Amino acid sequence: MRVKHLLGHQSLKYKNALRATGEVIMPFKRPRPPPVPHATNSSSTSTLLSTNHEHKRLRRGCLHGIKAYILSAKIDGAEYEILIGEAEENGAELCKTPAEADIIVTAIGMKKRLERHIDWNMAKGKAVVRPDWIRDSVKKSEALPCGDYAAISDLLDSSIENCPESSSSQSQPPDQAEASTSQHQSTKESTLPDLVYEPRYKSRFACERYSPLICPNQDLVKELHIIKLAREMESEERSALSYSRAISAIKAFPEKIKSMSQISDIPYLGDKLTGMIQEFLSKSTISQARQLSSDTRYQTLISFTSVYGIGPHTARHLYDLGLRTFDDLSRYLGSDDNAEGSGGSFAWREGLRLRDELSVKIPRAEVEEMGRLVDNALQDILPGSESTICGGYRRGKLESNDVDIVFTHPQGQGNKANNMIARLVERMRKDGLITHTMHAPSVRSKGSLRPPTNHDGWDTLDKSLTIFNLPKTSPYYKGIHRRLDLIYAPREVYWTAVVGWTGSTMFERDLRLWAKQKGLKFDSSGITRRRDTKALYATSERDVFKLLELEWIEPRLRNADL
DNA sequence: CACCGCTTACC
DNA sequence: GGTAAG
DNA sequence: GGTG
Ligand SMILES: Cc1cn([C@H]2C[C@H](O)[C@@H](COP(=O)(O)OP(=O)(O)OP(=O)(O)O)O2)c(=O)[nH]c1=O
Ligand SMILES: [Mg+2]
């Protein structure tokens, strides 16, 4: 069962869950400028972009509404970051592929060179301008005529013809729908466009229900969540699962529950849960949840398990030893830990330092920035590779606890890409972007701290759990380390991997349960028939659903947890 | 009364 | 096999 | 703790 929640105190690394691959342990020359990648097409799919267009539409900049693609080739890394920042700050919508853009910004001045990155016929259908178009437009606070900035003389006429106009003087978007619902707390409602859909909540499977990020009964769900966590802390997994399912089912229910008669069609609400809901209707709280919230054991176990590598079992053990605070924990690990010969003094001291940073949530814009940097590194290693940011970001969360990126190799050549993960991580480590990788063998003596690349014979490694750090030149740089999960999937199973890593957790569990019931087996590395174990390959995300005989559910309606 | 997701990594 | 993680 |  999963346990990690969020919590922002001080902390501590347990034994050897972390391996530093950069700073601290090995003195790599620190942050070099960001990669100077040559991204062309590549990169995230448009499904990603469907949810990301416009989050920060506070004031509209002079480039508002313009879809721009900035070609990083021939642009210095730092310069590239600045351009991206300027474009985004001024309202431009940055595209991951040139195909989606209205305007392409490039420092390349020769037709032949540009053709290596962008299809010529596509370029002729758009404006193609030099980077100073952005700078000058920002300076003048208006999107300037593209004709004056055409990157290539052959594209002058088409750039004039296809020059996009900013919509910065238009009226405001539909930003209502928040005053109407009497929602108290939650200072951050979704800024993403509202979803319109016909509710679906009666199925036993989360993968057949529409589960929005925030539901009308969010407060009820939060109370139940506390009880669920408590069950997890005590390793009462079946009980925890029941609460998870109830939470999941309620999340898909489209109305605020005002009377018990409404809930009869919601699955997974038996006697116990029904009673709790009844209590919640009259008191707006659930006594058991209130009680747990102020319970020392509960609080302590929650905080201990917030340390990477410490689960419920270890947390209870530490609690039984009498430890109650991170300071206690720190002291204990600092001494007793040595008895086991894993003197990770600085390693977990480092983990302690990082834990505070890792508890800080990541805004969408920064997630996207990280996605760009990963993709840039990816293009450098194997041009034509593709990547998709999955996880909570893809489901529309405004802030994420980490970033999950699934990527695959280019279409043509297949298994040239065996140690993709290792190569990508190594590349990003050298760039100063990845500072640590999780799943360290051990931190013991200095010898075992080897870079993530030399352990030979690990071609099968398909994912890497890392700690990432933006370059100082990035406009989003806050000096805060971030958790980054990189997942490699061979082309044939790319879309199942994307579905598998988009979540949410309950959605994934029910997807597998559903598949089993259909005589299939689903996991992020593919769909197989249980009979003959024959693999079924999906050619798109929707195809994954089709193969499983499921109706399509868009990522933003897969929020079956919380 | 049986079942409840499924895989990988470390110890 | 147990624990933790996704 | 709920369900087929
Ligand atoms: C934690 C967890 C994740 N997953 C899958 C589904 C998740 O969407 C995906 C990524 O996991 P997470 O990154 O842990 O969660 P998240 O991306 O949904 O939300 P956030 O990062 O903001 O906390 O991995 C599981 O299958 N089981 C689990 O226990
Ligand atoms: Mg995530």
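Chain A is the first sequence line, chain B the second, and so forth, proteins listed ahead of strands; every chain is numbered from 1. What you see is a predicted model, and the numbers here were worked out from it, not measured in a lab.
The side chain of A:T314 places an N or O atom within less than 4.0 Å of a non-bridging phosphate oxygen (OP1 or OP2) of C:dA4. Taking side-chain N and O atoms only, A:K521 has no distance below 4.0 Å to OP1 or OP2 of B:dG5. Contact between the side-chain N/O atoms of A:R512 and the OP1/OP2 oxygens of C:dG6 is not found at any separation under 4.0 Å. Between A:R483 and C:dA5, a side-chain N or O to OP1/OP2 separation shorter than 4.0 Å is absent.
Geometrically, A:R483 does not engage A:F468 in a cation-pi contact, judged by NZ or CZ lying under 6.0 Å from the ring centre and within 45° of the ring axis. For the pair A:R395 and A:W501, the cation-pi criterion (under 6.0 Å, within 45° of the ring axis) is not fulfilled.
Summarising the geometry, the separation between CG on A:L465 and P on B:dT7 is reported as 17 Å, rounded to the nearest angstrom. Nucleotide B:dG5 holds its P atom 7 Å from the CE atom of A:M506, rounded to whole Å. Between the CD atom of A:E234 and the P atom of C:dT3 there is a distance of 14 Å, rounded to whole Å. Rounded to an integer number of Å, the gap from CZ of A:R509 to P of B:dC3 is 16 Å. The separation between A:H317 atom NE2 and C:dA4 atom P is 11 Å, rounded to whole Å. Rounded to whole Å, the distance from CD1 on A:I487 to C1' on C:dG6 is 8 Å. If you measure from atom CD of A:Q517 to atom P of B:dG5, you get 13 Å, rounded to the nearest angstrom. Counting to the nearest Å, the P atom of B:dC3 and the CG atom of A:L513 are 13 Å from each other.
Across all strands shown, A:D404 has heavy atoms under 4.0 Å from sugar-phosphate atoms exclusively, and none from any base.
Here the separation of D:dT3 from B:dG5, taken at their P atoms, is 15 Å to the nearest Å. As rounded to the nearest Å, B:dC4 and C:dG6 have P atoms that lie 24 Å from one another.
Within the structure, salt bridge (charged side-chain N to carboxylate O under 4.0 Å, His left out) pairs that include any residue of residues 269-291 of chain A comprise A:E223-A:R290, A:E279-A:K283 (at least two apart or interchain). Every pair passing salt bridge (charged side-chain N to carboxylate O under 4.0 Å, His left out) that includes a residue from residues 198-207 of chain A is listed here, sequence neighbours excluded: A:R200-A:E551, A:K202-A:D265.
In this structure, a donor-acceptor pair under 3.5 Å is absent between the side chains of A:T466 and A:S464.
Ring planes of A:W514 and A:F205: perpendicular class, angle over 60° (limits at 30 and 60°).
Closest to the side chain of A:P312, out of B:dG5, C:dA4, B:dC6, is C:dA4.
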Which protein N or O atoms sit under 3.5 Å from an N or O of nucleotides 2-4 of chain D?
residue: D:dG2; atom: OP1; partner: A:G270; partner atom: N; Å: 3.2
residue: D:dG2; atom: OP1; partner: A:K272; partner atom: N; Å: 3.3
residue: D:dG2; atom: OP1; partner: A:L273; partner atom: N; Å: 3.0
residue: D:dT3; atom: OP1; partner: A:Y268; partner atom: N; Å: 2.8
residue: D:dG4; atom: OP1; partner: A:R204; partner atom: NE; Å: 3.3

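For CD1 of A:I226, the number of neighbouring non-hydrogen atoms (other residues, nucleotides, ligands) closer than 6.0 Å is greater than 12.
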